[in-house]
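These notes concern the structure reproduced below.
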2 protein chains.
Amino acid sequence: MTQQRRDLVDHVFQQHDHFDADDLIERLPPKTESGCVSRPTVYRTLVELVDAGLLRKMDLEGRAVYEHDYGYPQHDHLYCTGCHSLIEFRSDELVNMRKTLAKNHDFRVTGHRLIITGLCRNCQTARRRTRRRVDMI
Amino acid sequence: MTQQRRDLVDHVFQQHDHFDADDLIERLPPKTESGCVSRPTVYRTLVELVDAGLLRKMDLEGRAVYEHDYGYPQHDHLYCTGCHSLIEFRSDELVNMRKTLAKNHDFRVTGHRLIITGLCRNCQTARRRTRRRVDMI
DNA sequence: CTAGGTGCAAAATATTTGCACTGGT
DNA sequence: ACCAGTGCAAATATTTTGCACCTAG
């Protein structure tokens, strides 16, 4: 348990949000007095946190996005292509569907990933008014 | 409409399967007398086929995977982490769920992607017997 | 002390782009 | 001839790795 890992873990679990490796790197330097954590260390630590079951990883437009896993209920996401935000939702139907499918296809399910793409409320109206900025975070 | 595009489109639509840019490039050379199609051309053509609505693209483990779209019913996939195969399935429940969610969240849905991960029948038994090879292609 | 962790630089992977050339119409 | 399409090489973007050094336990 080094200082770098402590910094990373602290920031990661400060609030429940979605982030990628770059977000993490950009957020860290200003908040730590010990200088910034190097890119390889961030990637290596993320792998370990995922393996340890503390984070969940998903691929979004070619990049790896992470969110809390440990202690969080299973859920899926609405993804807004306007502001690139992820909105969480839960669905028991989906879990049941998964069970049925597993049985029908003799498939041993280990997990799933559902992303529903579209425009969130804000981006629907923003698009009408003005050219919205496509900035992230 | 050039010879390269004709070759590409011919191969892509010869059978309904899932492939990535590399698969396509490897499959083409032996079958065409006109030499192989260059990598940039493959990528450029794939983009156009997706834009034209002929192919669907999905991100799987960081790589772009394509499948037929035009004329094919909407469906989702079971993904076997053993043999890396994609098994298609249809679900009307899912479509209904999507509608309900869209309404509840005031979200304008444009599409979705569901991938259920696990082990297919073969890989379940193979795993018990012997250490299966995780070779690709 | 010593094993695991870190940072730098470089490699690996996947995809995209600048640009001059070429082939289809 | 013209213009879209092509190939090469190089650029991008993201993530991974080799390796020498450092530090927590």
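Hydrogens, waters and symmetry mates are skipped; everything else that's a heavy atom, side chains included, is used. So you know, we letter chains A, B, ... as the sequences are listed, proteins then strands, and number each from 1.
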In whole Å, what is the span from the [atom1] atom of [X] to the [atom2] atom of [N]?
X       : N      : atom1 : atom2 : answer
A:Glu61 : D:dT14 : CD    : P     : 11 Å
A:Gln4  : C:dG7  : CD    : C1'   : 9 Å
B:Leu28 : D:dT6  : CG    : P     : 12 Å
A:Gln3  : D:dG25 : CD    : P     : 10 Å
B:Glu48 : C:dT17 : CD    : C1'   : 15 Å
A:Asp23 : D:dA13 : CG    : C1'   : 15 Å
B:Ile25 : D:dT6  : CD1   : P     : 13 Å
A:Asp7  : C:dT6  : CG    : C1'   : 13 Å

Take A:Phe13 and A:His68, measure what ring pair (Phe, Tyr, Trp, His ring centres under 6.0 Å) needs, and give me the verdict at the end. CA-CA 7 Å; A:Phe13 292 102; A:His68 297 174; 4.7 Å; yes
Not counting sequence neighbours, which residues clear salt bridge (Lys or Arg N to Asp or Glu O under 4.0 Å) with B:Arg39? List them please.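 Result, salt bridge (Lys or Arg N to Asp or Glu O under 4.0 Å) vs B:Arg39: B:Asp22.
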According to salt bridge (Lys or Arg N to Asp or Glu O under 4.0 Å), who are the partners of A:Arg6, at least two apart in sequence or on a separate chain?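 Partners of A:Arg6 under the salt bridge (Lys or Arg N to Asp or Glu O under 4.0 Å) test: none.
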Check for a donor-acceptor pair, side chain of A:Asp76 on one end and backbone N or O of A:Leu114 on the other, with a separation under 3.5 Å.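 It does hold such a pair.
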Polar side-chain atom of B:His105 near backbone of B:Lys103 as donor-acceptor pair, under 3.5 Å: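 A pair under 3.5 Å: no.
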Does [X] make a side-chain N or O approach to OP1 or OP2 of [N] shorter than 4.0 Å?
X       : N      : result
B:Thr41 : D:dG5  : no
A:Arg6  : D:dA24 : no
B:Thr2  : D:dA4  : no

So which protein nitrogen or oxygen atoms get under 3.5 Å of nucleotides 15-20 of chain D's nitrogens or oxygens?
unit_1 : atom_1 : unit_2  : atom_2 : d
D:dT15 : OP1    : A:Ala64 : N      : 2.9
D:dT15 : OP2    : A:Tyr43 : OH     : 2.6

With sequence neighbours left out, which residue pairs that include part of residues 90-99 of chain A fulfil the side chain to side chain donor-acceptor pair (under 3.5 Å) condition?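 Found A:Arg98-A:His112.
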Quantified as the angle between the terminal helix axes (five pairs each), what is the overall bend of the helix from C:dC1-D:dG25 to C:dT25-D:dA1 to 10 degrees?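 Axis-to-axis angle, ends of the helix: 20°.
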Could you point out which residue of B:Lys57, B:His77, B:His16 forms a side-chain hydrogen bond (donor to acceptor under 3.5 Å, both in side chains) with B:Glu67?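 In the set B:Lys57, B:His77, B:His16, the residue that makes a side-chain hydrogen bond (donor to acceptor under 3.5 Å, both in side chains) with B:Glu67 is B:His77.
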Give, for atom CG of B:Asp17 and atom CD of B:Glu88, the distance between the pair rounded to the nearest 0.5 Å.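 One finds 10.0 Å between CG of B:Asp17 and CD of B:Glu88.
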With sequence neighbours left out, what residues match A:Ser85 under side-chain hydrogen bond (donor to acceptor under 3.5 Å, both in side chains)?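 If we apply the side-chain hydrogen bond (donor to acceptor under 3.5 Å, both in side chains) test to A:Ser85, skipping adjacent residues, there are no hits.
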